[in-house]
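Structure record follows, encoded as structure tokens.
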Amino acid sequence: MEKTYNPELIEAKFRDIWEQSHFFSSQLNSNSQNAYSIVLPPPNVTGSLHMGHAFQHTIMDVLTRYHRSKGDQTLWQPGTDHAGIATQMVVERQLERQNISRHDLGREKFTEKVWDWKHHSGGTITSQMRRLGTSVDWERECFTMDKTLSDAVQKVFIELYNEGLIYRGKRLVNWDPVLLTAVSDLEVISTEEQGSLWHIRYPVANSDEVMVVATTRPETMLGDSAVAIHPNDDRYQHLIGKMVNLPLTNRQIPIIADNYVDMEFGTGCVKITPAHDFNDYEIGQKHELENINILTDDAKINLNAPKAYQNLDRFIARKTVVKDLEKQNLIEKIDPHTMMVPRGDRTNSVIEPYMTDQWFVKIIPLAEPAINAVKNGDIRFIPENWEKTYFNWMENIEDWCISRQIWWGHRIPAWYDKNGKIYVAKNFTEAQKQAGKGVELTQDEDVLDTWFSSALWPFSTLGWPEKTSELSRFYPTSVLVTGFDIIFFWVARMIMFGIKFAGNVPFKDIYITGLIKDGHGQKMSKSKGNVLDPIDLIDGISLEELLEKRTQGMMQPELAKKITKQTEKEFSNGIPSFGTDALRFTFTTLASFGRDIKFDLKRVEGCRNFCNKLWNASRFVLMKLESRLIDFDATLSTPDKWILSRLQHTKIAVEKHLSEYRLDLMSQTLYEFVWHDYCDWYLELSKPLLDSKETRSGCEATLIKVLSETLTLLHPIIPFITEEIFEQCRSLNDDKSERLITKPYPEIDQTLISKNSESEIAWLQEFILGIRQIRGEMNISPGKPLPCFIQNLDTSDKAYIKSNLSIIETLAKLESIKQLSENDSSPESATALVGEMKILIPLAGLVDKKQEILRLNKEIEKLIKHQRQYTGKLNNKKFISGAPKEVVEKEQSKLSSVEKALGDLELQLKKISSL
RNA sequence: GGGCGCUUAGCUCAGUUGGGAGAGCAUCGCCCUUACAAGGCGAGGGUCACAAGUUCAAGUCUUGUAGCGCCCA
């Protein structure tokens, strides 16, 4: 074995071997009683995988590999999402650089271009996944626009339509005037922005009075249909039912009363623009007001407005309107105002409420069973508190606008005749049948919201609506692993559609992971220039390349300087190559239940070091056991029994943590076992054990047995390095597995849990630590052999000493250990205690006694602190009477041992000081 | 305005029916000891945001305050 492990070579090797051997296939373990399945949240084919993907993929891979090696028939279903708007935008932007618009190409040519992009981008994603070691069943890879998945989409649409759960209608929707499409509520991000509040005078018809209304969007006055006041507002009672002259328009509009109006806000008068405001729309419906649309698709003023404003862009129109009002002295005042401005999540353009014909899903009948599924425990959120977020949204849910005026996606299977009658069918022929021969039909131009097809993912990928064997075997899936950012977009909709169409919930557990942020807790984004590519952490990247990556092709090139500076500061030497396993281990240690995960390179470094530690421990084992015939039935020594016992505890903890999705605790447990139990202690103990004939065989068998099981435990987290070590050690092993990936997960063996060896080794460790501490504090070189006296031994001390004498001498580098009886006078010594046994290291020729006095005082101080704490408790009568017996007894025994130790140390202090 | 969450060592964070304040990284000291310097050994460092309450006992439960963050309107 190489002295330092080199991830690059071994990763490439096993990527190929695993996949070519079909080890990821869901057909394995087909005789098993248990099925385990996860669907991969399909990444968008818009680009490449980011840290969040890599993080979640690692979690899913750990679960998948674990269940596979437990013997479950395991499916991890891969695939990608066509991501309608996002992908269309990527391609449109590329065309833009060649000065081509999608309209130049036409629908058919354009979608061809998008398919080209899809093949390119999909390839990037899958190759990245392979680099990460994701063990998905590649033979089952899907895409949301595959034929079978598209058929499923059509079927769902048609069935919902026939049931009256999908309808088409003219409604006020969120309109993106740049994309020229409707978007759903979820795709609109409202943020606080500085604006103005214009107070405008509306003259009351046939009167001298004016009503002052306030608005943040003065141009919308061109579409006003009424002025509203609160029915109880004394100031305006006499005006209800009268008319106002709407300025700039030559129109008269009524004054109405409605509870919706807030009397306290502004003047208490509100302009009502039903076609351009969601609240006003409601009021308009109630009062049967006219919906006056004053905007074109791209947010210019249309022909319904006075000539002066027609064809003006909405923001220019705003200025013009204000100017004209000022001219007529109709502006009362202009206040600065912070308000919520809605912007499209893709384009960042201001979203307009806009009247258009759209398709909607009537959502409440679907939401109710989906709410119940979580209430009655069919679905569990992990961590649990996310269910509150889910309920909160589901209980206030609104109909879902599913039509998009774009070209990339599932075209809506609806046709219209000349009179606008709708025929919903799976194809033109069927639609024609419905319409009757000779009726001229045209298909709806729109496509479906991307999330409509994603909502079917857990069953459409398994072959639904066909009754496939996969569907019956793997549906409902075991767990969904995803981020909280798409609970509404995706998770909720999968639950609704799963229950409705697949007849059952789509998954039993929903593990909501945290989101990966940069080291400062900032969201990673291209515009912030703080994105890390998981592949760069695996392979490493120079500062120059990283800078180029972060500043290339930016939407706002003026930020490049700042990004360069930040990047240079943070990654002055670029990023070293850490390897896939180190990155995966890092992700699992970060997988606690927090919301934000600050990603820190130092953490990866620590995990890389762990891999190296494991590598070197294996190298040690291999060197020691090379060409030896291992006797797996050999007698075991106490240290052998101890490490086997520790291994069982580790296995128990690992399974517990994994079943609770605490991958952070799982990897921490394994880290501690490997580093601190196996390497720090057992490997050190093995050195003397291997040197002695009586203990050698048992130790050899234990070394390899524990290593081998540990590799299996670690394999789900760090598959590459463990597979490589397994291969190198295979000749030593007695098991028949060809590869670690197919090796059965080790069972917990309760009979190997040994309390006796645990307490004996604990004693041994205390002994050695005592001596190391003296060495450390006295600055005695670790290589210098020391003489040692022990005094005040009880029977177990005596037994332990007898069986561990040479081990202690080796590990603590002692020249000799001599027992003193109670009455023997000891030389001037440094002291450590193991229980009541005293360890004495003579000071002669080593250090001056001042240092030992200092050290003793420090120890004594610590003990006194504890003594105070315990006596305080025990002097409290309420504690004695109120606390359970065991607790009181425990406190008492703690106090007595502290007091004994104190006595010993104080005596020692006196003795040394007086010399 | 409604909801959710966070505040523990210099930094990042664990702490699961209330009973010993922990890890990694960073810091300091000694050591290139034949698995590992990507290492070994030892050490220092905390009023668990603040206040009140429940309890024999609170980082942990309840209430309030302050600061920060997210989601929804």
Side-chain angles (χ1 to χ4, degrees), chain A residues 1 3-5 185-186 189-190 278-279 340 383 385-393 395-397 484-485 487-488 514-515 517 519-521 523 576 578-579 582 586 589-590 592-624 656-657 660 662 664-665 667-669 671-672 675-676 679-680 683-684 686-687 703 768-769 771-785 810-813 855 858 866 869-870 872-884 886-888 890-891 894:
Chain A
M1 273 176 100
K3 191 171 173 185
T4 303
Y5 107 102
D185 296 344
L186 291 171
I189 313 291
S190 290
F278 287 101
N279 290 317
M340 299 304 278
N385 54 287
W386 288 109
E387 69 179 36
K388 283 188 186 155
T389 309
Y390 173 80
F391 290 138
N392 207 354
W393 189 66
E395 281 158 8
N396 298 295
I397 198 166
F484 57 80
D485 50 338
I487 290 180
F488 305 143
L515 299 185
K517 304 289 180 78
H520 311 285
K523 198 173 166 183
F578 290 114
T586 312
T589 63
L590 292 172
S592 63
F593 283 174
R595 273 182 190 218
D596 292 335
I597 294 162
K598 290 181 196 165
F599 193 85
D600 180 12
L601 273 195
K602 280 284 177 195
R603 198 94 184 219
V604 193
E605 200 180 312
C607 292
R608 190 268 321 262
N609 293 353
F610 173 80
C611 291
N612 193 50
K613 187 80 180 173
L614 178 68
W615 181 265
N616 278 294
S618 311
R619 204 158 69 90
F620 171 83
V621 174
L622 212 61
M623 279 162 64
K624 291 288 181 188
K656 176 175 180 281
H657 295 321
E660 292 166 356
R662 288 304 303 266
D664 57 330
L665 300 179
S667 52
Q668 198 188 321
T669 302
Y671 182 100
E672 278 165 13
W675 203 304
H676 297 126
C679 294
D680 285 351
L683 291 193
E684 293 308 319
S686 78
K687 290 170 186 174
L703 275 171
I768 292 165
L769 288 172
I771 289 169
R772 280 186 191 160
Q773 197 190 27
I774 290 171
R775 257 188 218 277
E777 303 246 319
M778 300 283 166
N779 285 343
I780 301 169
S781 141
K784 187 178 173 67
T810 315
L811 265 63
K813 271 262 155 58
R855 199 182 69 89
K858 217 166 62 183
H866 282 128
Q869 195 184 329
Y870 302 146
K873 252 187 192 176
L874 288 163
N875 286 338
N876 184 347
K877 275 177 199 162
K878 282 181 184 168
F879 171 71
I880 303 287
S881 58
E886 307 91 66
V887 176
V888 177
K890 210 170 148 191
E891 280 317 287
K894 278 195 283 192

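Quick note on labels: first sequence line is chain A, next is B, and so on, each numbered from 1.
- At rA35(B), one or more side-chain N or O atoms of Lys687(A) fall inside 4.0 Å of OP1 or OP2 (strictly under the cut-off).
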Test side-chain contact (heavy atoms from CB on, under 4.5 Å) applied to Leu515(A) and Lys523(A), step by step:
CA-CA 8 Å; Leu515(A) 299 185; Lys523(A) 198 173 166 183; 6.0 Å; no

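- For rC32(B) and rC36(B), the C1' atoms lie 12 Å apart once the distance is rounded to whole Å.
- Atom name C1', nucleotides rC61(B) and rG18(B): the rounded distance is 8 Å, in whole Å.
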Sugar-phosphate means primed atoms, P, OP1 and OP2; the rest is base. With that split, encode nucleotides 13-25 of chain B 5' to 3' as B, S or - using protein heavy atoms under 4.0 Å.
SSSB--BSS--SS

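- Checking the phosphate oxygens (OP1, OP2) of rA37(B), a side-chain nitrogen or oxygen of Lys3(A) falls inside 4.0 Å.
- One finds no salt bridge joining Lys890(A) and Glu886(A) here, because no Lys/Arg side-chain nitrogen approaches an Asp/Glu carboxylate oxygen to under 4.0 Å.
- Distance Trp393(A) CH2 to rC72(B) P: 10 Å, rounded to the nearest Å.
- For Arg775(A) and rA43(B), the CZ to P distance is 14 Å, given to the nearest whole Å.
- With both ends at atom C1', the span from rA52(B) to rG46(B) equals 23 Å, rounded to whole Å.
- Using cut-offs of 30° and 60° for the angle between ring planes, the Tyr671(A) and Phe610(A) rings count as parallel.
- Distance noted for atom C1' between rU8(B) and rC48(B): 4 Å (whole Å).
- OP1 and OP2 of rC70(B) both lie 4.0 Å or more from every side-chain N or O belonging to Lys523(A).
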List the steps, then state whether side-chain contact (heavy atoms from CB on, under 4.5 Å) holds for Ile771(A) with Leu811(A).
CA-CA 10 Å; Ile771(A) 289 169; Leu811(A) 265 63; over 6 Å; no

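- For the pair Leu601(A) CG and rC11(B) C1', the computed distance is 14 Å after rounding to whole Å.
- Secondary-structure annotation of RNA chain B gives the stems B:1-7 with B:66-72, B:10-13 with B:22-25, B:27-31 with B:39-43, B:49-53 with B:61-65, with a stem taken as at least 3 successive Watson-Crick or G-U pairs whose two distances both fall under 3.5 Å.
- Between Gln773(A) and Arg595(A), the residue anchored closer to the 5' end of RNA chain B is Arg595(A), taking for each the nucleotide with the nearest heavy atom.
- At a threshold of 4.0 angstrom between heavy atoms, the contacts of Cys607(A) with the nucleic acid are absent.
- One distance of note links CZ of Arg619(A) with CG of Asn616(A); it measures 5.0 Å at 0.5 Å rounding.
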Working for side-chain contact (heavy atoms from CB on, under 4.5 Å), residues Thr589(A) and Arg603(A)
CA-CA 9 Å; Thr589(A) 63; Arg603(A) 198 94 184 219; 3.8 Å; yes

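- With hydrogens and angles ignored, the 3.5 Å screen pairs no side-chain donor or acceptor of Asn876(A) with any backbone N or O of Gly872(A).
- When the C1' atom is used for both rC6(B) and rU60(B), the distance is 16 Å, rounded to whole Å.
- Minimum atom distance to the side chain of Lys613(A) is reached by rG40(B), of the listed rC4(B), rG40(B), rC41(B).
- The separation of rA21(B) from rA58(B), taken at their P atoms, amounts to 12 Å, rounded to a whole angstrom.
- As judged by a 4.0 angstrom heavy-atom cut-off over every strand, Leu683(A) is placed among the base-contacting residues.
- We find that CG of Leu769(A) is positioned 14 Å from C1' of rA43(B), with the value rounded to whole Å.
- Residue Lys813(A) places none of its side-chain N or O atoms closer than 4.0 Å to OP1 or OP2 of rU33(B).
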Checking side-chain contact (heavy atoms from CB on, under 4.5 Å) for the pair Phe488(A)/Thr389(A): CA distance, chi angles, key distance, verdict?
CA-CA 9 Å; Phe488(A) 305 143; Thr389(A) 309; 3.7 Å; yes

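- Ranked by how close their nearest RNA chain B nucleotide is to the 5' end, Trp386(A) and Lys624(A) are led by Trp386(A).
- Atom NZ of Lys517(A) is surrounded by more than 12 heavy atoms from other residues, nucleotides or ligands within 6.0 Å.
- Atom C1' of rU27(B) sits at a distance of 12 Å from the matching atom of rA9(B), rounded to the whole Å.
- Distance Asp485(A) CG to rC4(B) C1': 16 Å, rounded to the nearest Å.
- Taking atom C1' in both rC28(B) and rG19(B), the straight-line distance is 35 Å, to the nearest Å.
- Glu684(A) places its CD atom 8 Å from the P atom of rA35(B), with the value rounded to the nearest Å.
- For the pair Arg619(A) CZ and rA38(B) P, the interatomic distance rounds to 13 Å; values are reported in whole Å.
- The two atoms that bring Tyr870(A) and Lys894(A) nearest to each other are OH-CD, 3.7 Å, heavy atoms only.
- Asp664(A) and Arg662(A) are joined by a salt bridge, as a carboxylate oxygen and a charged side-chain nitrogen come within less than 4.0 angstrom of each other.
- Going from atom CG of Asn612(A) over to atom P of rG40(B) covers 10 Å, rounded to whole Å.
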